[in-house]
Protein chains: 2
Amino acid sequence: MHIFYTPDIHSQTSSHTLPEEESKHCVRVMRLTTSDRIMLIDGRGGRYIAEIVDPHPKHTLLNIVSFSQDEPRQGKIHLVVAPTKNIDRYEWFLEKATEIGLDEITPIICEHSERKAVKLDRLAKVLIAAMKQSKQSFLPQLNQVTKLSDFLNTETSDKCFIAHCEEDSKSYINEKLSAGENAMILIGPEGDFSSQEIAIALDKGYVPISLGSSRLRTETAAVVACIEVALINR
Amino acid sequence: MHIFYTPDIHSQTSSHTLPEEESKHCVRVMRLTTSDRIMLIDGRGGRYIAEIVDPHPKHTLLNIVSFSQDEPRQGKIHLVVAPTKNIDRYEWFLEKATEIGLDEITPIICEHSERKAVKLDRLAKVLIAAMKQSKQSFLPQLNQVTKLSDFLNTETSDKCFIAHCEEDSKSYINEKLSAGENAMILIGPEGDFSSQEIAIALDKGYVPISLGSSRLRTETAAVVACIEVALINR
């Protein structure tokens, strides 16, 4: 069944009108018509079966037939990753992490970051497309771009990890994280974190982790970390 | 130290001349000159420290200073993956799998494959670039494109797995594979394997595996499988 992302509906909604772009996609592209059924997801775990009442290319009217709420994932993962110089690699990571299971993402700017800005609306589109494509109902939370120095001052109850590349006695995530525990993982830019950034994170109680012996690109490290947490909670 | 891929040298080589393209890269792009040192890798685990004797843009002469042989990875992984419709996704998977740890790759053509051909030389370039970038010394073996029906008739001593999407009682790789064991994993095209292909594979003793509850794209499934095996052997 075709899936549409409709963040503005809720469990009590009985009828809904698709906005112009999605109405056009529904009627002109997918050629759906009266009494055809589609699935709506609200990005918060809600799934709605909807029946087309009026297949209009600009404002298709739907009747909500049923609603179900997916259980939120246990053991959430918040990835705090420096945007890559080539933003395609970052968008690729967002797509993959969403497919695998991502709850929250914060782009951070570090001392060695070559890229200091990202287009959040563009990243949001990637997350939505990946959520729909992988038939999930929870949209990862995309946070504002934040300076690492500021981010390290925020409070969290998550287990905090930092995947830096300097020589250090590191653990593997599965040695420090149990199923059901929330994880927050810092991944640095191409030039890695600065020694000072690492020192501050360790001082804040971040646990240094190794993602394996091979040297991984930023976006690869982020996906490996995401998969490791997913495996712990599988 | 800058790394060059030189498959034609061996442990006894005392001097070597870089071919035109790499000589140009070495002298014109990297601006290296007499007595500068570079690392040569042969793709078979051999690492060579070489000193530039004659920095010529077309035939740079090197003196091999030292040689060391890396230990081959224990618990090899052979990924047998249907090329994706969009070949960029396949090349992305090859890059990531090489970074993480890939030993052998066979592109397979299945009943539901939309893409029936790939440019092997282009895929080889991706593998070489990823090997150099991740500072590894073993180049994954790239096999000819093979029909799945033919591939399933080949003999192997590897533990064989198939990651299909049909409902089935599946295991996780780490329930069926121990550290040090070689794994061969089949990943199907966008349309999944056909029921007949799955039946034949199971009949041949392939173990059906699950890569998690979420629906993964072909290239994502291949990377997840690669990481799972890497974690088992970590």
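In what follows, chains carry the letters A, B, and so on, assigned in the order in which the sequence lines appear, proteins first and then strands, with residues in each chain numbered from 1.
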Subject >> Residues, nucleotides or ligands: over 12 heavy atoms within 6.0 Å of B/E71 CD >> reply: no
**OP:** Can you tell which part of B/L216 gets under 4.5 Å to a heavy atom of chain A, answering side chain, backbone, both or neither?
**Re:** both
Original post:
Which region of A/L231, side chain (C-beta onward) or backbone (N, CA, C, O), has a non-hydrogen atom less than 4.5 Å from a non-hydrogen atom of chain B, or is it both or neither?
Top reply: side chain
Original post:
Does atom NZ of A/K24 have more than 12 heavy-atom neighbours from other groups under 6.0 Å away?
Top reply: no
Subject >> Spatial distance of atom OG (B/S213) from atom CZ (A/R73) [nearest 0.5 Å] >> reply: 8.0 Å
Subject >> Close side-chain approach of A/V223 and B/K96, heavy atoms under 4.5 Å >> reply: no
**OP:** Could you tell me whether A/R217 and B/E95 make a salt bridge, using a distance below 4.0 angstrom between a side-chain N and a carboxylate O?
**Re:** yes
Subject >> Exceeds 12 heavy-atom contacts within 6.0 angstrom, atom NZ of B/K116 >> reply: yes
Original post:
Under 6.0 Å from the CZ atom of B/R122, do we count more than 12 heavy atoms belonging to anything else shown?
Top reply: no
**OP:** Look at B/V224, B/I100, B/T220 and state which one has the largest set of heavy-atom pairs under 4.5 Å with chain A.
**Re:** B/T220
**OP:** Determine whether more than 12 heavy atoms belonging to other residues, nucleotides or ligands lie under 6.0 Å from atom NZ of B/K170.
**Re:** yes
Subject >> Heavy atoms of other groups near A/Q74 CD, more than 12 under 6.0 Å >> reply: no
Subject >> Neighbour count >12 (heavy atoms, 6.0 Å) for atom CZ, A/R28 >> reply: no
**OP:** Taking all heavy atoms of A/N174 and all of B/R234, pick out the closest pair and write down the distance.
**Re:** OD1-NH2, 3.9 Å
Subject >> Expected output: side-chain B/S214 to main-chain A/E99 donor-acceptor under 3.5 Å >> reply: yes
Original post:
Which bit of A/E219 comes within less than 4.5 Å of chain B, counting heavy atoms only: side chain, backbone, both or neither?
Top reply: side chain
